[in-house]
Amino acid sequence: MDSILVKGNGPLNGEIPIAGAKNACLTLMPATLLSEEPLTLTNAPRLSDIKTMTQLLQSLGSEVSALSDGQVLAMSSHNIDNHVADYEIVRKMRASNLVLGPMLARLGHAVVSLPGGCAIGARPMDLHIYGLEKLGAEIELKDGYLHAKAPRGLKGAEMELRFASVGATENILMAATLAKGTTVINNAAREPEIVDLADCLRAMGAQIEGDGSPTIVVQGVDRLKGATHPVVTDRIELGTYMLAPVIAGGEVELLGGRIDLIGAFCEKLDAAGVSIEETARGLKVARKNGRVKAVDVVTAPFPGFPTDLQAQMMALMCTAEGTSVLEEKIFENRFMHAPELGRMGANIEVSGGTATVHGVEKLKGAPVMATDLRASVSLILAGLAAEGETLVNRVYHLDRGYERLVRKLTGVGALVERVTGT
Ligand code: EPZ
């Protein structure tokens, strides 16, 4: 298993290009199942999760080719000959459950393995099932698989989500595009990835309003056509790399960065004493002076502070001036990076969903263990400002969500290298 070695090496300078969003691409790709005509995605990220989704769609009968060095995904689902999403693929990546809604809408039946447990929380699918049943589907769980059918097709309906779940909103939204009549999703998720999905579905001929607000309205249509759609910028990759010059010093321009994608995060950085400047090409970020100030954070659905940037923010708060309190409200087990940061000399107390971080002058490099995608990158960030060497093990987690991380960080002067087969 590969590891990544990070040597604290002082200020960073230069530019980092931000890729297309993993969490947008993972819901845009299943949209191909809604139409017989080709769907092409541009600005696609080059990640192992995208390869897993490709494998899943191909197992259902879709054609998926990665072109232009993997940044263009040409897909066609004119001939879906399998309606079973197999456990062997789904267990590798929970987002595989996003084929359920589109398959049900297009074919009238679908069998999708339940993803099972996850490091950061239980992550049930009750809201996906609730919404699809509201559209008239009959769903039962058998041998670890969800068996869903709607022999007479789906029918539009009004519903209220108990929680603004991203995945449930995406599955229901895709299914509703081909349902007869009007669907109203109240308390829908408002993430930029949802808006990107709606933009793509509209380009395919869907009738959708209200995406980005708590209420989405969909007028069902008989069929969807083909389209070409650019994947939105990855706001989580953006936020992650914005912290690199803040933690290590220096100034970095994030190409393609947009403040509107991560407003709540930028507000916290501003309060911590970080300078964020909008440029013609993106965002320029630097630490204003000396140590950043400790700030408190509470994660929340968009437009709140993203849970996917909580671990990275904790890495920054480890050397902040003062004490910060981070509350994780989305997932019940998302502080596994805290004890690893503790191995680097951080002073963190975790109690349930609350972590109290007492800022220290300096972290020290150490061998640490990656436990999930965002936890692993928080250890890389911490290593950028630590004395000595930090060896982050099990970096396969990173490959799922960060394309060419070593190249991007060494490009701005960081001493980061991949160590194979440790
Ligand atoms: C998406 O996961 C993202 N993944 C996650 O990013 C992100 O952390 C999450 O949204 C929240 O922003 C993708 O887009 C592929 P949810 P998703 O449904 O859709 C509970 C990363 O690091 N819930 O909004 O699974 C659930 O247990 C990943 O890139 C139910 O109770 O998130 C959780 O506590 C990690 N029942 C909360 O809602 C349901 O049916 C949020 O889940 C569905 C969800």
Side-chain angles (χ1 to χ4, degrees), residues 19-30 45 47-50 52-53 56 90 92-101 112 114-134 139 141 146 159-174 185 187-197 214 231-232 234-240 261-262 264-265 299-313 327-334 336-337 353 370-378 397-403:
K22 166 181 82 79
N23 291 347
C25 204
L26 288 177
T27 187
L28 291 165
M29 292 175 75
L47 304 167
S48 60
D49 271 7
I50 302 302
T52 305
M53 184 59 85
L56 176 60
V90 175
K92 284 193 265 180
M93 180 186 70
R94 340 179 37 79
S96 307
N97 62 19
L98 294 171
V99 299
L100 177 62
V112 174
L114 265 185
C118 167
I120 62 177
R123 304 181 77 176
M125 284 186 66
D126 59 309
L127 294 168
H128 300 240
I129 296 166
Y130 158 78
L132 295 172
E133 285 182 338
K134 274 279 183 186
I139 303 180
L141 175 61
L146 289 175
M159 62 192 75
E160 169 103 19
L161 295 183
R162 166 181 56 72
F163 180 87
S165 153
V166 172
T169 301
E170 292 165 341
N171 246 330
I172 299 164
L173 176 57
M174 289 190 276
I185 310 173
N187 195 28
R190 303 169 58 188
E191 273 67 5
E193 294 75 31
I194 304 272
V195 173
D196 201 41
L197 174 63
V231 179
V232 70
D234 193 319
R235 65 195 169 101
I236 306 302
E237 188 196 28
L238 170 62
T240 301
L261 294 175
I262 36 170
F265 175 73
T299 64
F302 191 88
F305 189 100
T307 173
D308 295 345
L309 285 170
Q310 176 261 99
Q312 300 91 317
M313 194 67 178
E327 292 178 63
E328 176 52 59
K329 298 277 189 193
I330 307 291
F331 293 105
E332 58 273 27
N333 185 31
R334 203 170 201 181
M336 289 188 291
H337 38 285
T371 47
D372 64 77
L373 168 59
R374 308 304 172 182
S376 46
V377 83
S378 79
H397 290 291
L398 269 173
D399 300 335
R400 299 187 56 178
Y402 292 92
E403 67 161 33

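Whatever order the structure lists ligands and atoms in, that order sets their numbers, starting from 1. For reference, positions follow the sequence shown, starting with 1. Everything numeric here is computed off the predicted structure, so don't read it as measured data.
- Remark: F305 pairs with F265 by the ring pair (Phe, Tyr, Trp, His ring centres under 6.0 Å) rule, at least two apart or across chains.
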Could you go through ligand 1 and note, for every N or O atom, any protein N or O atom closer than 3.5 angstrom, writing the atom names and distance to 0.1 Å, or 'none'?
{"from": "ligand 1", "atom 1": "2 (O)", "to": "R123", "atom 2": "NH2", "distance (Å)": "3.3"}
{"from": "ligand 1", "atom 1": "6 (O)", "to": "N23", "atom 2": "ND2", "distance (Å)": "3.3"}
{"from": "ligand 1", "atom 1": "6 (O)", "to": "D308", "atom 2": "OD2", "distance (Å)": "3.0"}
{"from": "ligand 1", "atom 1": "8 (O)", "to": "D308", "atom 2": "OD1", "distance (Å)": "2.6"}
{"from": "ligand 1", "atom 1": "8 (O)", "to": "D308", "atom 2": "OD2", "distance (Å)": "3.4"}
{"from": "ligand 1", "atom 1": "18 (O)", "to": "S165", "atom 2": "OG", "distance (Å)": "2.6"}
{"from": "ligand 1", "atom 1": "19 (O)", "to": "G167", "atom 2": "N", "distance (Å)": "2.8"}
{"from": "ligand 1", "atom 1": "22 (O)", "to": "R334", "atom 2": "NH2", "distance (Å)": "3.3"}
{"from": "ligand 1", "atom 1": "22 (O)", "to": "R374", "atom 2": "NE", "distance (Å)": "2.8"}
{"from": "ligand 1", "atom 1": "24 (O)", "to": "V166", "atom 2": "N", "distance (Å)": "2.8"}
{"from": "ligand 1", "atom 1": "25 (O)", "to": "R123", "atom 2": "NH2", "distance (Å)": "2.9"}
{"from": "ligand 1", "atom 1": "29 (O)", "to": "K22", "atom 2": "NZ", "distance (Å)": "2.9"}
{"from": "ligand 1", "atom 1": "29 (O)", "to": "N23", "atom 2": "ND2", "distance (Å)": "3.1"}
{"from": "ligand 1", "atom 1": "29 (O)", "to": "R374", "atom 2": "NH2", "distance (Å)": "2.8"}
{"from": "ligand 1", "atom 1": "31 (O)", "to": "R162", "atom 2": "NH2", "distance (Å)": "3.3"}
{"from": "ligand 1", "atom 1": "34 (O)", "to": "I330", "atom 2": "O", "distance (Å)": "2.6"}
{"from": "ligand 1", "atom 1": "36 (N)", "to": "P124", "atom 2": "O", "distance (Å)": "3.4"}
{"from": "ligand 1", "atom 1": "36 (N)", "to": "D126", "atom 2": "OD1", "distance (Å)": "2.6"}
{"from": "ligand 1", "atom 1": "40 (O)", "to": "P124", "atom 2": "O", "distance (Å)": "3.3"}
{"from": "ligand 1", "atom 1": "40 (O)", "to": "D126", "atom 2": "N", "distance (Å)": "3.1"}
{"from": "ligand 1", "atom 1": "40 (O)", "to": "D126", "atom 2": "OD1", "distance (Å)": "3.2"}
{"from": "ligand 1", "atom 1": "40 (O)", "to": "L127", "atom 2": "N", "distance (Å)": "2.7"}

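- Between the side chain of E237 and the backbone N or O of A19, at least one donor-acceptor pair lies under 3.5 Å.
- Of all heavy-atom pairs spanning G167 and L98, the tightest one is O-CD2, 3.6 Å.
- The backbone N or O of N97 lies less than 3.5 Å from a partner atom in the side chain of N171, making a donor-acceptor pair.
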- Query: For E403 and K22, what are the C-alpha separation, side-chain angles and deciding distance, and is it a salt bridge (charged side-chain N to carboxylate O under 4.0 Å, His left out)?
  - Reply: CA-CA 10 Å; E403 67 161 33; K22 166 181 82 79; over 6 Å; no
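- D372 contributes no side-chain N or O that, together with a main-chain N or O of H397, makes up a donor-acceptor pair within less than 3.5 Å.
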